[in-house]
2 protein chains.
Amino acid sequence: MPFNNPYSSNCPTRKVLDRVGDKWAVLVLGLLGSGDTPIRFNQLRRAIEGISQKMLSQTLKSLERDGLVSRNAIATVPVTVEYAITALGKTLVTTLDALRVWAETHMEEVMASQQRYDANATSGQ
Amino acid sequence: MPFNNPYSSNCPTRKVLDRVGDKWAVLVLGLLGSGDTPIRFNQLRRAIEGISQKMLSQTLKSLERDGLVSRNAIATVPVTVEYAITALGKTLVTTLDALRVWAETHMEEVMASQQRYDANATSGQ
DNA sequence: CAGAATCCAGCTCGATACTG
DNA sequence: CAGTATCGAGCTGGATTCTG
């Protein structure tokens with residue numbers, strides 16, 4: 001039984017899927033994972049179009065909590081905070097890549113199916 | 001640039017991640033993918049603990065629309081409807097399995113990180 | 001610069017009731 | 001059996017304001 005556990009808050013797979021289902025978390029992870037240099041808060045903010053400051057800080061906090069991202073505060077004035085992906089985070093990004101490949105490979109097939117479905121639904125009424 | 005596209009509704013990877021972030025969709029897919037025999041609506045309902053009939057029908061509809069699941073209505077009285085995973089759906093389940101393996105492999109490490117994080121946050125106050 | 005706190009609009013989802 | 005329709009509570013996340 002592959003994906004089980006009912007309400008599943010304590011199912012590890014579900015936790016990862018929740019993380020991965022979170023748009024901002026994936027974008028942050030992808031950005032930090034694409035280079036090896038740390039990125040500052042407002043740099044991330046500018047790089048990820050559409051993210052609010054609240055969501056960015058919230059996302060970074062939970063990614064740090066999970067050990068996927070590391071935070072480094074430098075005592076300049078004003079303070080500088082750098083975020084970087086961890087070794088653990090990199091392994092997740094790698095795994096996520098398999099999903100990206102699936103998406104790109106099968107997108108056309110999915111879209112074709114959707115169009116068939118929608119065409120039938122419309123004509124059926 | 002791995003995971004891009006800002007609001008990304010038309011990013012294929014994001015669509016897949018949304019699907020995968022949907023708890024019920026993954027459970028339905030996992031259940032249908034674990035065997036080769038089709039499953040009826042109320043069978044699924046009973047098998048997936050906690051799912052409401054609204055969410056099940058909604059989930060099945062969108063999975064069918066994407067071509068991940070097939071629907072077969074049999075004209076008995078009352079009507080019987082069977083759902084099965086498609087070939088496309090199977091490839092997604094397989095890919096999802098990589099994520100499950102990641103979760104199971106790294107769960108301990110993630111949980112350890114969370115405990116360190118929470119301990120610091122508490123003592124810090 | 002890097003956040004925390006507050007407020008609220010909007011969407012999700014469960015519960016409930018009804019249908020072919 | 002296999003759904004659809006409707007209503008409302010609750011959570012999510014954006015906008016705004018403020019701080020060390």
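Order of the sequence lines sets the chain letters (A, B, ...), proteins ahead of strands, with each chain counted from 1.
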Indicate whether OP1 or OP2 belonging to [N] is found under 4.0 Å from a side-chain N or O atom of [X].
X     : N      : answer
A/W24 : D/dG14 : yes
A/R46 : C/dC1  : yes
B/Y83 : D/dC1  : no
A/S57 : C/dG3  : no

Query raised in the report: the helix from C/dC1-D/dG20 to C/dG20-D/dC1: angle between its terminal axes, five pairs each, to 10°?
Result: 40°
**Report entry** With B/R45 via salt bridge (charged side-chain N to carboxylate O under 4.0 Å, His left out) - residues at least two apart
**Finding:** none
Kindly state each residue pair satisfying ring pair (Phe, Tyr, Trp, His ring centres under 6.0 Å) with at least one member in [range], sequence neighbours excluded.
range                      : answer
residues 67-99 of chain B  : none
residues 31-78 of chain A  : none
residues 84-107 of chain B : B/W102-B/H106

**Report entry** Partners passing side chain to side chain contact (heavy atoms under 4.5 Å, CB included) against A/A103 (at least two apart in sequence or in another chain)
**Finding:** B/P12, B/T13, B/V16
Query raised in the report: By the rule that ILVMFWY residues connect when side-chain heavy atoms come within less than 4.5 angstrom, directly or transitively, which residues belong alongside B/M107?
Result: B/M111
Query raised in the report: Which ones in residues 62-79 of chain A lie close to DNA chain C, meaning a heavy atom under 4.0 Å from one of its atoms?
Result: A/R71, A/P78, A/V79
Query raised in the report: What salt bridge (Lys or Arg N to Asp or Glu O under 4.0 Å) pairs are there with at least one residue in residues 26-41 of chain A, not counting sequence neighbours?
Result: A/D36-A/K90
Query raised in the report: Please, which pairs that meet salt bridge (Lys or Arg N to Asp or Glu O under 4.0 Å) have at least one residue in residues 60-76 of chain B, sequence neighbours excluded?
Result: A/D118-B/R65, B/R19-B/D66
Query - Backbone N/O of A/V101 and side chain of A/T105: donor-acceptor pair under 3.5 Å - result: yes
Query - Which residues share a side chain to side chain donor-acceptor pair (under 3.5 Å) with A/T80, sequence neighbours left out - result: A/T76
Report summary line: Protein-proximity profile, nucleotides 7-12 of chain C, B/S/- by nucleotide at the 4.0 Å heavy-atom cutoff, equals B-----
